[in-house]
Amino acid sequence: CCDAHVKYPNVARMVAVHILGDCPVGEASVVVGSSSPHRREAIACTEYLIDELKGRVPIWKKEIYEEDEESVWKENVEWKDGRRRRVMVKEE
């Protein structure tokens, strides 16, 4: 949030939280928000926060498909050794 505060100095409050561990399907895994006297700056700051979170933190999710015994671990596109690409690894 320190970088966001420098970029958006008029934003009064901001939050960025990501859960650790398992996240049940349909549940929120991340909460990001900000408050400002002007909504456009708050919205821009919130977008910046989620983009920075995804770009700085390696976030993995396991996709399990109905009627399919295979599952796939997916890494967030924004984080892969500084490269924009998705890595998919099938479980054996």
Side-chain angles (χ1 to χ4, degrees):
C1 289
C2 292
D3 291 345
H5 185 65
V6 170
K7 188 171 176 76
Y8 300 98
N10 294 324
V11 172
R13 302 200 188 275
M14 55 189 74
V15 62
V17 179
H18 195 288
I19 67 163
L20 298 175
D22 292 341
C23 180
V25 174
E27 295 294 318
S29 61
V30 64
V31 175
V32 180
S34 61
S35 65
S36 170
H38 304 286
R39 72 173 181 251
R40 289 180 199 259
E41 191 167 34
I43 292 167
C45 181
T46 300
E47 184 176 358
Y48 177 81
L49 287 169
I50 190 67
D51 289 345
E52 287 299 304
L53 175 74
K54 292 177 76 178
R56 295 180 185 199
V57 178
I59 300 169
W60 286 83
K61 66 180 180 177
K62 183 177 184 182
E63 292 194 353
I64 302 172
Y65 307 102
E66 287 184 23
E67 301 178 20
D68 187 0
E69 295 180 12
E70 305 228 0
S71 59
V72 176
W73 278 99
K74 290 187 177 180
E75 182 180 35
N76 55 315
V77 170
E78 296 82 1
W79 190 92
K80 176 55 184 155
D81 300 328
R83 297 184 301 255
R84 294 184 67 79
R85 68 184 192 121
R86 182 175 300 252
V87 176
M88 294 171 51
V89 180
K90 278 197 172 186
E91 250 185 25
E92 298 290 326

Heavy-atom pair with the smallest gap, counting every atom of His18 and Val30: CD2-CB, 3.8 Å
Would a 4.5 Å heavy-atom cut-off, applied to side chains only, mark Met14 and Cys45 as touching? yes
What is the minimum heavy-atom distance between Ser36 and Ala42, and which atoms define it? CB-CB, 3.8 Å
Which heavy atom of Leu49 sits nearest to which heavy atom of Val15, and what is that distance? CD1-O, 3.9 Å
With rounding to the nearest 0.5 Å, note down the distance linking OH in Tyr8 to SG in Cys1. 13.0 Å
Can you name the closest pair of heavy atoms from Cys23 and Ala28 and give their distance? SG-O, 3.9 Å
Report yes if the side chains of Arg56 and Asp3 come closer than 4.5 Å at any heavy-atom pair, otherwise no. yes
Within the 4.5 Å heavy-atom criterion, are Glu41 and Val11 side-chain neighbours or not? yes
Is the shortest heavy-atom distance from the side chain of Val72 to the side chain of Lys62 under 4.5 Å? no
Expected output: side-chain Ser34 to main-chain Arg13 donor-acceptor under 3.5 Å: no
Separation between NZ (Lys7) and CD (Glu52), nearest 0.5 Å, reads 8.5 Å
